[in-house]
Amino acid sequence: MDPKIKARWLAHVTTAANWYVNTQCREDNLWGPVHNLADDGRFIYEVFKGSNWSRGSGVWGQALAIMDLIDVGARTKNSKYTSAGLEGARYLKSLQCLDARMPECLGAMWEHIPLDTTSLVRDGCTGCYGFNYLYAHTGEADYLERAQLFCDWLMKYGAKKEHCWPYLVFDFTRRKGHSFIGADPGQNKDSGTEGVDGDWQAGGGLVLYYTGLQSGKEKYLEEGLRPMLDKLVQIYDEHGANPSKAGWHGKTPLTLGNDDFAFITLTAGFRRWRDERYLDHLKKRIQAHLGWMASDGSYPNFGATFVCSIEHLEYLRLANEFGFSDHVDAVKAALELSAAYGLTQQERNLNDKFFYGGLYGQTSYGIERDRIHHRST
């Protein structure tokens, strides 16, 4: 890429990072007239045009914003991004249960606020990525300790015993995990509709990979990640060639577009064990991605244009690292097209800090522009 194109990418990145900084709840940047808020350091999840209805980030959004900002700070050498990321870490830490009186909950992550009664387990895994990233950035032992507490909880209480497969939901009131959609928290028995085990849940396995490498404890890799990947391979073996089995999380075995980083978990597994089954499915998943992409570079489903692009970057790294060329040229072309399309999703006109710099989201192919959303930003 020529210098002007690279400057354009960077300008959009820093403008998005400014959206996080400008909308972060801090004592000097409150969301309202009330001081001493428990939201201190929290980021915005979404804000709607027209009504200005908005809400703060939950555990997964908070973690990704932290990682985004610290990364941008490192690349640009601008400390304001790093500071905002570290400020956000304080709120992320408040979302982890450290109450030793509830051993079944110790290490788990509340979904939105510390008063929540449930956790969406896959979301909690992304929250823990934040701890892994913060430990890598700061070297502070507290972050690694928190990551290990989460992984210990995940393997014992947050996942099914077979394949260490994450539950859809963990109910803090019952101190029990389940996979029922629409279940009422605190009920004595399971209710709602049982969700379908899908590839997206394996995206949570990255937390076992990172924590295993950082701690040097093989149990997270051998007893947690590896059986999870065995089940992911089974899902792809059974359903991977059937596009009718692709839909949204909890409803189908395959995810259309945004697989919640299951693809990247599989690349991590291949790096660790060199299992050719993993590489075979990575190449097949890339073909599926390219088949889903519209001619303008956009993808169906929430945030998929950006998730697929992140996964394409990882695929190119893997191809370079292990010396294979399958689909590389097609992925490069798709990545450039999707990245250019992504620029069109950023709000750069409205002079309102809750909108300017954020990206529109929560819509297939980026068609609707009714809300600025963290998932795409």
Side-chain angles (χ1 to χ4, degrees), residues 13-14 16-21 23-27 38-45 56-98 106-114 119-155 158 203-217 220-221 224-225 260-261 264-265 268 310 314 374-375 377:
V13 167
T14 53
N18 288 337
W19 177 77
Y20 282 117
V21 175
T23 58
Q24 185 182 35
C25 184
R26 302 183 304 273
E27 185 60 26
D39 290 306
D40 193 37
R42 195 177 183 186
F43 298 101
I44 290 287
Y45 185 67
S57 272
V59 62
W60 74 269
Q62 191 71 13
L64 285 178
I66 289 165
M67 292 187 277
D68 289 342
L69 286 166
I70 292 176
D71 194 47
V72 173
R75 290 166 184 260
T76 62
K77 306 295 188 286
N78 189 329
S79 63
K80 79 172 182 179
Y81 302 122
T82 306
S83 296
L86 294 175
E87 188 86 7
R90 295 170 60 228
Y91 186 77
L92 180 65
K93 289 196 289 186
S94 79
L95 294 178
Q96 186 171 37
C97 177
L98 299 181
L106 185 65
M109 307 290 287
W110 286 291
E111 186 65 22
H112 299 105
I113 60 174
S119 166
L120 300 181
V121 177
R122 173 63 191 84
D123 291 354
C125 292
T126 299
C128 193
Y129 299 170
F131 293 146
N132 294 127
Y133 191 98
L134 285 158
Y135 175 68
H137 175 73
T138 68
E140 293 180 15
D142 176 58
Y143 293 122
L144 180 56
E145 182 181 358
R146 287 173 176 273
Q148 291 181 85
L149 283 171
F150 178 85
C151 288
D152 290 339
W153 167 82
L154 175 66
M155 293 172 65
L206 280 175
V207 74
L208 297 165
Y209 178 73
Y210 298 142
T211 305
L213 295 184
Q214 289 179 333
S215 67
K217 294 183 178 179
Y220 300 127
L221 298 161
L225 178 60
D260 236 356
F261 305 129
I264 297 181
T265 307
I310 293 168
E314 194 66 19
H374 158 78
R375 193 189 303 272
T377 309

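Position 1 is the first residue of the sequence, and the numbers go up from there. Just so it is clear, the values below take in all heavy atoms, side chains as well, and ignore hydrogens, waters and symmetry mates.
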Taking atom [atom1] of [X] and atom [atom2] of [Y], what is their separation to the nearest 0.5 Å?
| X | Y | atom1 | atom2 | answer |
| --- | --- | --- | --- | --- |
| L221 | Y210 | CG | OH | 12.5 Å |
| T82 | K77 | OG1 | NZ | 9.5 Å |
| T138 | I70 | OG1 | CD1 | 8.0 Å |
| L206 | N132 | CG | CG | 9.5 Å |
| C128 | D123 | SG | CG | 13.0 Å |
| M109 | L149 | CE | CG | 11.0 Å |

Report task. Answer yes or no: is there a donor N or O on one side and an acceptor on the other, between the side chain of S94 and the main chain of Y91, under 3.5 Å? Result -> yes
Query raised in the report: Is the backbone of I44 close enough, under 3.5 Å, to the side chain of S57 for a donor and an acceptor to pair up by distance?
Result: yes
Pairing residues for [X] by the side-chain hydrogen bond (donor to acceptor under 3.5 Å, both in side chains) criterion, not counting sequence neighbours:
| X | result |
| --- | --- |
| D260 | none |
| Y209 | none |
| K217 | Q148 |
| R90 | D40, E87 |

**Report entry** F131: ring-ring contact (aromatic ring centres under 6.0 Å, His included) partners, not counting sequence neighbours
**Finding:** none
**Report entry** side chain to side chain donor-acceptor pair (under 3.5 Å) contacts in which one or both residues fall within residues 60-76, not counting sequence neighbours
**Finding:** D71-R75
Query - Candidate list K93, Q214, H137, test side chain to side chain contact (heavy atoms under 4.5 Å, CB included), partner Y143, passing option - result: K93
